[in-house]
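As structure tokens, the structure follows; a few thoughts come after it.
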Amino acid sequence: SMNEPSQSSGDPLIRYRIDAEDRILSVNQTWCDFARENGGADLLPPQVIGRSLWEMIADQASQDIYSAILKRVRSGTTPVVFPLRCDSPRLRRHLKVSLIAGNDGEVEFVTELISSIPRAPLAIFDATVSRTQAILSMCGWCHKMPTESGQWLEAEVACARLGLFERADQPALSHGICPECSDEMLEAAGIAPATRLPSSNTRVGVAKMPRASANFFSASMGCLHGAGPAGFIPLRTASPKAFARSGEHQTRMDFSVAP
């Protein structure tokens, strides 16, 4: 499970900057501390510097939302702020992510831990648990999961409904966005309801990085659905093996409404 951000640098906030081409320019010491403590070695400088933000975001819906938010940030003087979840097996973590415009199209991402609430361990979030070939979608913003009925429920309730507490192994997780979070994030992006695209919460992308890195990026990037210090995009993923495909017969535990 992920550890809390270290404050050895004196700054409890996770910060990173991207340039006008959406490439990572810099990360702060708190990002680096959090990466080391949570298995995100590939997200340390110099490896992470110069990487595209879009390599880190798994699904198209989240890419569209972030693109709209970045456009709004760069075109104005007011930061865009939104809430984000970044849970571990034993903790519910609530974050606040701020995107702040800089010079020459640069944007700074700042992630702050608002609360950390203990809970009974959830195997679905445990990186050490064996994974099946099934894939369960999860909202990368609020961490709710869809059930057969199409409802998006808190992880504990969804796991109970899906019978996951009785299983030794767990499905792999992929990330998308639920309809409620889609509406909230599009509002943050300044997109009016009449011009919004249909929610693509069923088009869940498979993570593009190892599980440890993805988990860390999700926390550090707060707005990067992945595994970074809590401040980019939330992207929790399973190991590449969990996503191995068998022709066109990969099983998906994705119960949201068909596109």
To which residues is V157 joined in a hydrophobic cluster, defined by side-chain heavy-atom contacts under 4.5 Å among Ile, Leu, Val, Met, Phe, Trp and Tyr, whether direct or through other members? L153
Is [Y] close to [X] at the side-chain level, that is, under 4.5 Å between some pair of heavy atoms?
X	Y	value
C142	C178	yes
L173	I124	yes
R51	R23	no
V110	I14	no
P79	V73	no
R15	T30	no
I24	M56	yes

To the nearest 0.5 Å, what is the distance between [atom1] on [X] and [atom2] on [Y]?
X	Y	atom1	atom2	result
L164	C159	CG	SG	4.5 Å
Y66	F109	OH	CZ	7.0 Å
M145	M138	CE	CE	5.5 Å
W152	E180	CH2	CD	11.5 Å
H94	K96	NE2	NZ	15.0 Å
L99	E108	CG	CD	9.5 Å

Linking I/L/V/M/F/W/Y whenever any side-chain heavy atoms sit under 4.5 Å apart, do [X] and [Y] land together?
X	Y	value
W141	I114	no
L44	I18	no
I49	V107	yes
W54	L43	yes
L25	V48	no

Only counting residues at least two apart or in another chain, list the ones meeting side chain to side chain donor-acceptor pair (under 3.5 Å) with S26. R17
Ring-plane angle category for F125 and H143, please: parallel below 30°, perpendicular beyond 60°, tilted otherwise. tilted
Say whether, by atom type as modelled, one donor and one acceptor occur between the side chain of [X] and the main chain of [Y] under 3.5 angstrom.
X	Y	value
D87	R93	yes
E112	V97	no
S75	K71	yes

Residues R85, E154: salt bridge by 4.0 Å N-O rule: yes
Any salt bridge linking D104 with R74? Criterion: basic side-chain nitrogen under 4.0 Å from a carboxylate oxygen. no
With sequence neighbours left out, the residues meeting salt bridge (charged side-chain N to carboxylate O under 4.0 Å, His left out) with E156 are R92, R119
